Amino acid sequence: MAKVRETKVPMPEQPPEERIKNFKEVPLGYTPEMAMEEAKRCLQCKPRKGKEFPPCVEGCPVNVNIPEFIKAIKEGRFDDAIKIIKDKNSLPAITGRVCPYENQCEGNCTLGKKHEPVGIGRLERFAADYERAKGFTIPEKPKPNGKKVAIIGSGPAGLTAAADLAKKGYDVTVFEALHEPGGVLVYGIPEFRLPKEIVRAEVEYIKALGVKILTDVVVGKTITLEELLNEYDAIFVSTGAGLPNFMNIPGENLNGIYSANEFLTRLNLMRAYQFPEYDTPIKVGNKVAVIGGGNVAMDCARWARRLGKEVYIVYRRTEAEMPARKEEIEHAKEEGIKFLLLTAPIRYIGDEKGWVKQMECIKFELGEPDASGRRRPVPIKGSEFIMDIDTVVVAIGQSPNPLVPQTTPKLKTTKWGTIEVDEELRTSVERVWAGGDIVRGDSTVILAMGDGRKASLSIDKYLSSPDRKWEFKGKAELKDKN
Amino acid sequence: MYRIVKKQDLAPTIKKFEIQAPLIAKKAKPGQFVVIRIDEKGERIPLTLVDASPERGTITIAALEAGKTTKKLNSMKEGDYIANIAGPLGNPAEIAHYGTVACVGGGVGIACIYPEVKAFKKAGNYVISILGARTKEGLILKEEIKEFSDELYVATDDGSEGFHGFVHLLLKKLIEEGKRFDLVVAVGPVPMMKAVAETTKPYGIKTIVSLNPIMVDGTGMCGCCRVEVGGKTKFACVDGPEFDAHQVDFDLLMARNRRFIEEERLALKKFEESCACGR
Ligand SMILES: Cc1cc2nc3c(=O)[nH]c(=O)nc-3n(C[C@H](O)[C@H](O)[C@H](O)COP(=O)(O)OP(=O)(O)OC[C@H]3O[C@@H](n4cnc5c(N)ncnc54)[C@H](O)[C@@H]3O)c2cc1C
Ligand SMILES: Cc1cc2nc3c(=O)[nH]c(=O)nc-3n(C[C@H](O)[C@H](O)[C@H](O)COP(=O)(O)OP(=O)(O)OC[C@H]3O[C@@H](n4cnc5c(N)ncnc54)[C@H](O)[C@@H]3O)c2cc1C
Ligand code: SF4
Ligand code: FES
């Protein structure tokens, strides 16, 4: 057998100098030849001792049959490849772009012990893009079973549950507060990382399955969960973690200071980058500080960079502790974003018109590990310094969306505001399930999707059982896996 | 898509629309608002619910031409469609029996105060409505408000009708003349609400204002609408829009509402150039 390539077949990318001048996707995707070449690297591993699946599949939260789909690509059977993926993952064009593979499938890949792991994410993306280019084949509509399910929120959790239930013959309606379905996929993740056209294509596919999507419906305001229960046999709550956190330090309400959600929503959902063709404006000054070290912070920084500015990531630990994906940190650095580490703002200073002009920061050093296992940042006395800045984006995390819990008193929540669920994602209210970020806090697209699938199975089981007995087993610890 | 079933001119730059939106009509309460987006490229803007008819399945809004979106809205006709309307958003006004309630409306805020006048009257209050506008053409919905008011006073900046001067000065005059108010509710431009708050504060009269910061989603998701009340940050769209006037930082609100002033001018200029209405 020929020796395997040690590194992934490179994926063509827009060069940094060029891409910071446009809003298009950065990696350009494999050609069929490249994909087949990369697929050859796979060793077709068997499960390790005592395990159910091969290592990569063990690492995948929804257990996609990775070696099988890679084999299909290697043999040029692209239609088979996508079928195998979709058996477990209904949004591969999306996860093939945004999954943290390095901690999941690729992190577990046997080849990765000595060389670079197989480019599983790239191959998944290839198969999904191949299918989309060809045009989706809509499966034949199953016979309606006469049962109605309502889904609240159209992020990856809600869309997955909707598609799965529609395929089983349920009459499914999705209620979405915003004017466009997709959740974080449309309002949060930037165009240059996940083109909105891809999300739209997935939504169209789901509609073609017979799912009704009603936008502009704010559940809790326009209609309550209890009212929906009168009309629907079951409800899945997937309202996400859309409440922005602030640091509550002096000056945080000065002009020029955005939450990450406002910044991203203006740019992605409202397309402020195309102002004045689109009506929603955004204002980004010359020196931008993005506070935080997660994916959201990287997305904001990279957006700001594309608007042509000097951009800093300000993070209170070091790069090693950053929760952002490695790939995103690399992309940010290549694009000329500067990292101000072991630093955090303590106060913002404004000009006479109420615009931020400076921020006072303090330096940190790393102390003992905290509950998350990361070393705790400790402020250094006397290290305060002032830096000129005219735009700030606060990207220090989101909290669960409180609207549905607030207006549904019987729905039990945790002290973090997430909805309590058992292993089957049932809640304390009969006929109501919940999943995705509203249950997990900040998590990932694939875990939200996995929850959508799991809830759809439980809903189907319940609505098909003759006695429909509701059992809420009490709060379960959700694992990272489904 | 939401159809405009009826359009009415209230003043040269203020139009009233009755729009088909059955789900919202069922739930709308005084003090709440909707967020609308006119078309695919449009901005999301908040507008107060002026009225709602669950039977007809319609809501009523009124818009003052402030910039591109409101100008475009006001150029729309009966039978036209608005792409998106979400609501009812925000907390309803706390309608109860207080005794004597002053409902103070300034400019387009007169339309916003109208549902509260009605509701306070229905709750058994003695309602004194005080309306202010630049000129007498701006004294909109006067007859409708009169119907539900025990007393009605008007003020114009130019003296073309009623009291000559700002509406808070009229309120002050009434207080000084010995009128007793258990509650004052004021809706209008920020400087007017600030002046009303400063007027009632020395008398210790409980005063509520409806804040109008710039919004995006209107559901608590973006924090664009942050205001400071009693030194604490609040999201006006979910914690308000009504707050205790004596606790509000009005200067911050005014500064924040000027955030996009250059962009707004540009958008308006482009709109007027492209607009065939020839104005
Ligand atoms: C900027 C950003 C970048 C990210 N990058 C990545 C990444 O690269 N990889 C990754 O795996 N994950 C990433 N994530 C996390 C991931 O996007 C989320 O974990 C995932 O979207 C959660 O899905 P969800 O379906 O639970 O909720 P969401 O996607 O949040 O969707 C919830 C939906 O519910 C709607 N809603 C809320 N309340 C109501 C209501 N009362 N009535 C009706 N509708 C309502 C909301 O408008 C929204 O559309 C990122 C998150 C952000 C913010
Ligand atoms: C809760 C609430 C209720 C309101 N009710 C009414 C009403 O019943 N009738 C009415 O005429 N107006 C109302 N307003 C104000 C109205 O939303 C703004 O006048 C409108 O958004 C201006 O948009 P524009 O494009 O026409 O003007 P622009 O040129 O964009 O702006 C003119 C001014 O309006 C304000 N503004 C701009 N964009 C927004 C935005 N997205 N959200 C809020 N304010 C903005 C700013 O102070 C700006 O300087 C309300 C505002 C709020 C927050
Ligand atoms: S672990 Fe890596 S090499 Fe082994 S089957 Fe999975 S992708 Fe192929
Ligand atoms: S408008 Fe977005 S939080 Fe209030």
Side-chain angles (χ1 to χ4, degrees), chain A residues 175-180 187-188 214-224 227 239-246 248 252-266 269-272 274-283 350-355 394 398 401-403 406, chain B residues 2 21 23-24 26-27 32 34-45 67-69 72 83-90 214 216-228 232-233 235 238 249 251-264 266-271:
Chain A
F175 296 90
E176 168 56 48
L178 294 171
H179 57 261
E180 196 174 330
Y187 80 72
L214 296 184
T215 53
D216 307 329
V217 181
V218 187
V219 175
K221 291 281 179 187
T222 317
I223 192 161
T224 63
E227 288 166 316
T239 47
L243 182 71
N245 296 341
F246 284 94
N248 296 316
E252 215 171 13
N253 295 330
L254 285 165
N255 287 352
I257 305 183
Y258 300 87
S259 76
N261 273 5
E262 181 184 352
F263 194 75
L264 292 169
T265 301
R266 282 181 180 274
L269 182 71
M270 305 309 298
R271 304 202 191 203
Q274 285 171 296
F275 178 87
E277 193 199 334
Y278 282 74
D279 290 345
T280 305
I282 188 134
K283 205 172 190 123
D351 66 14
E352 62 292 343
K353 286 189 171 159
W355 286 85
V394 183
Q398 286 91 236
N401 194 310
L403 252 179
Q406 264 169 14
Chain B
Y2 303 80
L23 284 180
I24 305 173
K26 259 201 244 170
K27 285 288 159 67
Q32 291 188 300
V34 289
V35 164
I36 74 160
R37 192 179 72 130
I38 293 179
D39 55 33
E40 266 323 289
K41 295 185 176 176
E43 188 175 11
R44 293 172 65 100
I45 66 157
K68 173 171 177 182
T69 306
K72 192 164 182 178
N84 305 95
I85 306 186
L89 301 171
I214 299 177
V216 182
D217 60 302
T219 67
M221 181 269 263
C222 74
C224 169
C225 62
R226 354 204 246 293
V227 292
E228 279 181 27
K232 290 210 173 70
T233 297
F235 288 8
V238 285
D249 184 339
D251 295 333
L252 177 76
L253 177 58
M254 278 188 256
R256 284 185 66 78
N257 272 355
R258 281 194 291 267
R259 259 180 299 164
F260 297 106
I261 214 143
E262 289 148 36
E263 290 77 9
E264 287 157 2
L266 176 67
L268 182 61
K269 189 162 154 265
K270 284 202 69 152
F271 175 68

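Bear in mind that the values here come from a model prediction, so they are computed numbers and not experimental data. Here is how names work: the chains are called A, B, and so on, in the same order as the sequence lines, proteins then strands, and each is numbered from 1.
Residue A:L254 touches chain B through its backbone alone, counting heavy-atom pairs closer than 4.5 Å. Residue A:L243 touches chain B through both its backbone and its side chain, counting heavy-atom pairs closer than 4.5 Å. At a 4.5 Å heavy-atom cutoff, the contact between B:I214 and chain A is made by side-chain atoms alone. For a residue to count as touching a neighbouring chain, one of its non-hydrogen atoms must lie under 4.5 Å from one of that chain's; by this rule A:T265 touches chain B with the side chain only. Of the two parts of A:I257, the backbone and the side chain both hold a non-hydrogen atom closer than 4.5 Å to a non-hydrogen atom of chain B. With a 4.5 angstrom heavy-atom cutoff, A:E352 does not touch chain B via any of its atoms. Both the backbone and the side chain of B:R256 come within less than 4.5 Å of a heavy atom of chain A. With a 4.5 Å cut-off on non-hydrogen atoms, B:E228 touches chain A through its side chain but not through its backbone.
Note on A:R266 versus B:E43: no salt bridge recorded, every NZ/NE/NH1/NH2 to OD/OE distance being 4.0 Å or above. By the 4.0 Å N-to-carboxylate-O rule, B:R226 lies too far from A:E252 to be salt-bridged with it. A salt bridge is defined here as a Lys NZ or Arg NE, NH1 or NH2 lying under 4.0 Å from an Asp or Glu carboxylate O, and B:R44 with A:E180 fails to meet this definition.
A donor-acceptor pair shorter than 3.5 Å cannot be found between the side chains of A:N248 and B:T233. The closest side-chain donor-acceptor pair between B:D217 and A:Y187, if any, does not fall under 3.5 angstrom.
Within the 3.5 Å criterion, the main-chain N or O of B:G90 finds a donor-acceptor partner in the side chain of A:K221. Although no hydrogens or angles enter the test, the distance criterion places no donor-acceptor pair under 3.5 Å between the side chain of A:D216 and the main chain of B:N84. Checked by atom type and distance alone, the side chain of A:S259 pairs as donor or acceptor with a backbone atom of B:C222 at under 3.5 Å.
Counting all heavy atoms, side chain and backbone alike, B:Y2 lies closest to A:T215 at OH-O, 4.3 Å. Across A:T222 and B:K27, no two heavy atoms sit closer than the pair O-CG, 3.4 Å. Summarising the geometry of A:T280 relative to B:G42, their closest heavy-atom pair is OG1-O, 4.2 Å, with the distance given to 0.1 Å. Closest heavy-atom contact between A:N253 and B:L252: O-CD1, 3.8 Å.
The greatest number of non-hydrogen atom pairs below 4.5 Å with chain B, out of A:L178, A:N255, A:N261, is found for A:N255. With chain A as the partner, the residue from B:I85, B:V34, B:D249 showing the most heavy-atom pairs under 4.5 Å is B:I85. The most heavy-atom pairs under 4.5 Å with chain A, out of B:G220, B:C224, B:G223, come from B:C224.
Separation of atoms CD1 (B:I261) and NZ (A:K283) is listed at 8.5 Å; rounding is to 0.5 Å. To the nearest 0.5 Å, the span separating CE on A:M270 from CZ on B:R37 amounts to 6.0 Å.
Between A:F246 and B:F235, the angle of the ring planes goes over 60°, which puts this pair in the perpendicular group of the 30/60° scheme.
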Step-by-step salt bridge (charged side-chain N to carboxylate O under 4.0 Å, His left out) determination, B:R259 to A:E262: CA-CA 14 Å; B:R259 259 180 299 164; A:E262 181 184 352; 3.6 Å; yes
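Partner of A:D279 under the salt bridge (charged side-chain N to carboxylate O under 4.0 Å, His left out) criterion, chosen from B:K72, B:K270, B:K68: B:K68.
Under a cut-off of 6.0 angstrom, the local environment of CD in A:E277 is crowded, with over 12 non-hydrogen atoms contributed by other residues, nucleotides or ligands.
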